[in-house]
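First comes the structure, then the notes that go with it.
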Amino acid sequence: MNLCFITLEQDVCLRMIKQLTNKNCKCFIQEDFLQLCKDLEADICSFDMLLCDFRLNKTPSFNIYSIVKSKRGFLPVIFYNDPMPSDNDRVIYWLAQNEIAFNKNNIDYLIPELKRINEVLCSPLIKPYVSLLQPPLSLYSVPGKSRVIDLNKLRNKSSMTPIIFKLFKYMYENVNKEISLKKLSKVISKKGFFLCSNKQKTNVYSYISRLRKILKSEPSVGAYIVRTSPGYYELIMC
């Protein structure tokens, strides 16, 4: 199933596309809405589902369901960042929206693909950056500032070893940035050398795994470590 995005946040959707694309699914962003309408009317669309930014639905004059229905009849449409449903209810919500908008039954065949989209959307690598899906800021937080963690308090509470604390401190100082395994190995090396042997790499993987478990056991911290690509990791603050 091929997917088309209409969005105001292209960078985020490009990251989603990277996760969704495989041999059975091609994804792209349509920047020209008028061209999209022409393709729908001419029935020459190269996609099977439309993923829209909910912010485009803010005016009464824009009803993507009506536009698609009038020009194509039926084409699955979802607002990927609709703030209404919870993560667990999002797939059923998307399905119901299409059943109502297009007066269609028996579209359960969409569920596997909708689940796949929702899984990508809910991942800590994606969700923190998607508009309208963020938790509200605390009344006592400072706008524009990242959440501040008391490193020493967390260290004492979780009994971090010196090496794991050193690893966490460095990743925290470089939050939301990709860091190579090679760089992390240098950070935790006592002599500041890059570690290249398989045994040394295994040690680094082990430290990352242990730090992940610590952060997972402290959900109030709101920090997650994700593997962005082979040999690269990123600390994400939610």
Side-chain angles (χ1 to χ4, degrees), residues 5 7-21 27 29 51 53-55 80-83 85-88 90 115-155 157-161 163-188 201 203-238:
F5 285 81
T7 183
L8 299 176
E9 48 186 3
Q10 292 194 17
D11 289 345
V12 175
C13 288
L14 285 172
R15 182 172 283 198
M16 287 182 64
I17 285 172
K18 185 177 179 181
Q19 299 292 321
L20 287 166
T21 301
C27 309
I29 296 172
L51 287 76
D53 190 327
F54 189 76
R55 293 169 295 176
Y80 66 87
N81 57 341
D82 189 329
S86 66
D87 290 349
N88 292 331
R90 191 173 288 116
K115 283 184 175 180
R116 198 170 74 91
I117 294 169
N118 192 44
E119 286 174 2
V120 170
L121 191 64
C122 292
S123 74
L125 187 61
I126 302 293
K127 188 176 179 181
Y129 306 102
V130 179
S131 64
L132 306 183
L133 297 186
Q134 307 311 311
L137 288 173
S138 165
L139 289 173
Y140 306 103
S141 62
V142 180
K145 296 289 185 181
S146 299
R147 183 183 305 176
V148 177
I149 298 176
D150 188 330
L151 299 183
N152 288 318
K153 182 178 179 180
L154 179 61
R155 178 184 188 179
K157 183 179 179 181
S158 59
S159 302
M160 285 188 191
T161 64
I163 290 182
I164 292 180
F165 178 71
K166 190 175 183 181
L167 177 66
F168 176 56
K169 185 173 182 291
Y170 179 79
M171 296 191 78
Y172 178 67
E173 290 170 350
N174 293 274
V175 66
N176 297 331
K177 295 180 181 179
E178 278 192 335
I179 309 172
S180 68
L181 184 68
K182 189 175 182 181
K183 181 63 179 177
L184 292 176
S185 72
K186 183 178 181 181
V187 169
I188 64 177
K201 287 181 181 178
N203 288 338
V204 180
Y205 288 135
S206 175
Y207 292 134
I208 293 173
S209 177
R210 288 159 65 184
L211 178 55
R212 271 178 167 162
K213 289 180 181 178
I214 290 173
L215 296 177
K216 189 176 181 180
S217 68
E218 299 289 344
S220 61
V221 174
Y224 305 87
I225 296 176
V226 296
R227 181 172 177 259
T228 56
S229 59
Y232 286 85
Y233 292 85
E234 184 175 331
L235 180 71
I236 292 175
M237 300 291 295
C238 298

If you take all heavy atoms of [X] and [Y], which pair is closest and at what distance?
X: L133; Y: Y80; result: CD1-O, 4.4 Å
X: N81; Y: F54; result: OD1-N, 2.7 Å
X: E234; Y: L125; result: OE1-CD1, 4.4 Å
X: V187; Y: K166; result: O-CE, 2.9 Å
X: P128; Y: I236; result: CG-CG2, 3.6 Å
X: V204; Y: I188; result: CG2-CD1, 3.8 Å

Please answer whether the main-chain N or O of [Y] pairs with a side-chain N or O of [X] as donor and acceptor at a distance below 3.5 Å.
X: R15; Y: I126; answer: no
X: S185; Y: K182; answer: yes
X: S180; Y: K183; answer: yes

*asked:* For I179 and Y233: C-alpha separation, side-chain torsions, deciding distance, then whether side-chain contact (heavy atoms from CB on, under 4.5 Å) applies.
replied: CA-CA 5 Å; I179 309 172; Y233 292 85; 5.6 Å; no

*Validation row: I117, R90 side chains within 4.5 angstrom (heavy atoms)*: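 Result no, sub-4.5 Å side-chain heavy-atom pair not found.
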
*Taking C-beta and beyond as the side chain, do L154 and F165 meet within less than 4.5 Å on heavy atoms?*
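Result no, sub-4.5 Å side-chain heavy-atom pair not found.
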
To the nearest 0.5 Å, how far apart are [atom1] in [X] and [atom2] in [Y]?
X: M16; Y: C27; atom1: CE; atom2: SG; value: 8.5 Å
X: I225; Y: L215; atom1: CD1; atom2: CG; value: 5.5 Å
X: Q10; Y: I17; atom1: CD; atom2: CD1; value: 9.0 Å
X: I164; Y: R210; atom1: CD1; atom2: CZ; value: 4.0 Å
X: D53; Y: D82; atom1: CG; atom2: CG; value: 10.5 Å
X: L184; Y: Y170; atom1: CG; atom2: OH; value: 7.0 Å

*Residue among K157, R212, R155 satisfying salt bridge (charged side-chain N to carboxylate O under 4.0 Å, His left out) with E218*: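 The residue from K157, R212, R155 that satisfies salt bridge (charged side-chain N to carboxylate O under 4.0 Å, His left out) with E218 turns out to be K157.
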
*Considering residues, nucleotides and ligands other than K169, do more than 12 of their heavy atoms fall under 6.0 Å from its NZ?*
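It does not: K169 NZ has 12 such atoms or fewer within range.
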
*asked:* Is there a side-chain contact (heavy atoms from CB on, under 4.5 Å) between L14 and F5? Walk through the geometry before answering.
replied: CA-CA 9 Å; L14 285 172; F5 285 81; over 6 Å; no

*Working for side-chain contact (heavy atoms from CB on, under 4.5 Å), residues S123 and Q19*: CA-CA 10 Å; S123 74; Q19 299 292 321; 5.8 Å; no

_Criterion side-chain contact (heavy atoms from CB on, under 4.5 Å) on N176 and L235, from CA distance to verdict_ = CA-CA 6 Å; N176 297 331; L235 180 71; over 6 Å; no

